[in-house]
Number of protein chains: 2
Amino acid sequence: MNKDFIYKQVYQDLKGSILSGQYKTGQKLPSENELKTIYKTTRVTIRQAFDELIKEGFIYKEHGKGTFVKSETRSLGLLSFKGFSEVVGEEYNAHSKVIIQPQVRRFPTPFFYELSPTEVKYGCVYLERLRFADETPVMLEQTYLPNIEVISSPNNLSRIDSLTEDTLIGGSLFKTLHTKFSIEVIGLEQAIKAIESEKYTANFLKMKTKKPLLYIERRYLTSRSSFYIYSTLYCNTDKYAISSSF
Amino acid sequence: MNKDFIYKQVYQDLKGSILSGQYKTGQKLPSENELKTIYKTTRVTIRQAFDELIKEGFIYKEHGKGTFVKSETRSLGLLSFKGFSEVVGEEYNAHSKVIIQPQVRRFPTPFFYELSPTEVKYGCVYLERLRFADETPVMLEQTYLPNIEVISSPNNLSRIDSLTEDTLIGGSLFKTLHTKFSIEVIGLEQAIKAIESEKYTANFLKMKTKKPLLYIERRYLTSRSSFYIYSTLYCNTDKYAISSSF
DNA sequence: CAAAACTACTTGTATATACAAGTTATCTAT
DNA sequence: ATAGATAACTTGTATATACAAGTAGTTTTG
């Protein structure tokens, strides 16, 4: 699939070998010079493949020593951009409840992220979901999807607000975006703070007001450049901490 | 300071110009060809500088269009496993103060991570550091290094507790571990919570007690398998949020 | 007038090469 | 035997160059 470029080929080969266990944790990979000979290319190209793998946390380098496989714990907990059910559902009995069904709104001002004029102009589809782990409410997520034009089917323009008409596929927003609009979430930026719970959040998360709450502002990056999804998250971390690893 | 390499120089110049507002959000940077002429270097070197700035979220590229300044987020990328000074020091005037010099202790019980019998037996070297960004105390870090045997120089066994004898190289624990024991930190696992500040933590972080505090439990992975470094972090996120991206 | 072609500019991928700097093991002189 | 030099390996930085591919504006063509 990604065979167009040499560095992508090298990248995929190495990634495959790591994931299939051919190269094990801590093991040294072939040196840049060896790989350059194998692939009949140059060190620059091999380094390009290495850079990708480093960025994704598969390998690391040590100057003068070599390049090594990182530990296989690449699961990223809730700090990753994977959907909630995808990450948490593997371990706990996780489910969500839609508090506010998708509805068209204007973006609040001020917004926690700088918006483009287009985003402001078209407004957003807003929805609010409460997340549970083992029957305990752990997270309140408020999501803003810019109401831009998307191609839902060939020669058929529509807007994100067609989301409001049906429920989320399998309870998953990401899956719905993929199926309906073939939009993929490819990354995220986030800022994390500790704040005090207020009436609204405390009520949903079954906690007292003025108690510590993990607050996260997110911007999801998608395959459709310049289409971002925004979320604010309120997490009750009393029982369930948020985890990640690199 | 980082003048040894051309790409570092370009990197610092551009970063400075962005932070000082000379290049504003969304603005187009000079093209790679223009910069290559200005700095009397090659595109490859300019691209290396750009890559760093992309990784740190200062700029982004659009194929065929150019390179642009991202919106400023003003937050600390502390969720990565890079050392504090390494991540924060590039952007802010960051420094640390050692509150408790490295000293040999037993591991507290219960400990936030399950320890191996060996780790418990040998105890740990404990140290406590307060981290500043622009003169504001933002983070209190308590670190536990298992006091295992390490090879400091050929045929010379010693323990981590030889750390207690001298100060940290360049104020950096990671650099000291690298130089003295050739131990590299290659990753981390962490759990994040929101808690209330107590007297001790509130005092150092110049905040009131019972106020929200970001609390992080960490286990750093090193190139020496089965040697982990443990840390607990208390972050005042009032002024500086913690950020990350994938 | 509108579509197509062209042009100039941008970043993306690639080759070929060189030397610097860190690591490791071996060899050598004391 | 031990310390120091050396050699062979690794990744890091750098030069010089070429063509591909995406973007945007201008010119040509129908």
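Below, read A as the first sequence line, B as the second, and so on, with proteins coming before strands; counting in each chain starts at 1. These numbers were taken from a predicted model, which means no experiment stands behind them.
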Spacing of Asp51(A) atom CG relative to dG12(D) atom C1', expressed in whole Å = 11 Å

Taken in chain and number order and not counting sequence neighbours, the residues that satisfy salt bridge (charged side-chain N to carboxylate O under 4.0 Å, His left out) with Arg106(B) are none

Counting heavy atoms from C-beta on, name the nucleotide in dG22(D), dG12(D), dT15(C) closest to the side chain of Arg47(A).
-> dG12(D)

Value in whole Å for how far the C1' atom of dT11(C) lies from OH of Tyr60(B) | 14 Å

Integer-rounded Å distance: dC9(C) C1' and Glu62(B) CD | 15 Å

Relative to the 5' end of DNA chain C, which residue comes earlier, Tyr7(A) or Gly66(B), by the nucleotide with the nearest heavy atom?
-> Gly66(B)

Output yes when a side-chain donor or acceptor of Glu34(B) lies under 3.5 Å from a complementary backbone atom of Ser31(B), and no otherwise.
-> yes

Of Val44(B) and Arg43(A), the one whose closest nucleotide on DNA chain C sits nearer the 5' end is Val44(B)

So, with a heavy-atom separation below 4.0 Å from DNA chain C, the residues of residues 28-42 of chain A are Lys40(A), Thr41(A), Thr42(A)

Would you kindly check if the NZ (Lys) or CZ (Arg) of Lys8(A) is within the cone defined by 45 degrees around the ring axis of Phe5(A) and under 6.0 Å from the six-membered ring centre?
-> no

Trace of the side chain to side chain donor-acceptor pair (under 3.5 Å) decision for Thr232(B) with Glu217(B) | CA-CA 5 Å; Thr232(B) 54; Glu217(B) 293 171 344; over 6 Å; no

Is Thr45(B) near enough to dT13(D) that one of its side-chain N or O atoms lies under 4.0 angstrom from OP1 or OP2?
-> no

With Glu119(A) as partner, the option from Tyr113(A), Tyr228(A), Phe227(A) fulfilling side chain to side chain contact (heavy atoms under 4.5 Å, CB included) is Tyr228(A)

Applying ring pair (Phe, Tyr, Trp, His ring centres under 6.0 Å) to Phe111(B) and not counting sequence neighbours gives Phe107(B), Tyr144(B), Tyr230(B)

With the side chain of Lys61(B) defined as its heavy atoms from C-beta on, choose the nearest nucleotide among dA14(C), dT11(C), dA14(D).
-> dT11(C)

Interatomic distance, Ile46(B) CD1 vs dG12(C) P [rounded to whole Å] | 14 Å

Under 4.0 angstrom between Lys65(A) side-chain N/O and dC9(D) OP1 or OP2 | no

Distance, rounded to the nearest Å, where Phe5(B) contributes CZ and dT15(D) contributes C1' | 16 Å

What integer distance in Å separates Asp4(A):CG from dT13(C):P?
-> 11 Å

Can a donor-acceptor pair be found between the side chains of Asp13(A) and Tyr39(A) at a distance below 3.5 Å?
-> yes

Whole-Å distance between dG22(C) C1' and His63(A) NE2?
-> 5 Å

note: Ile6(B), atom CD1; dC19(C), atom P; distance rounded to Å ~ 16 Å

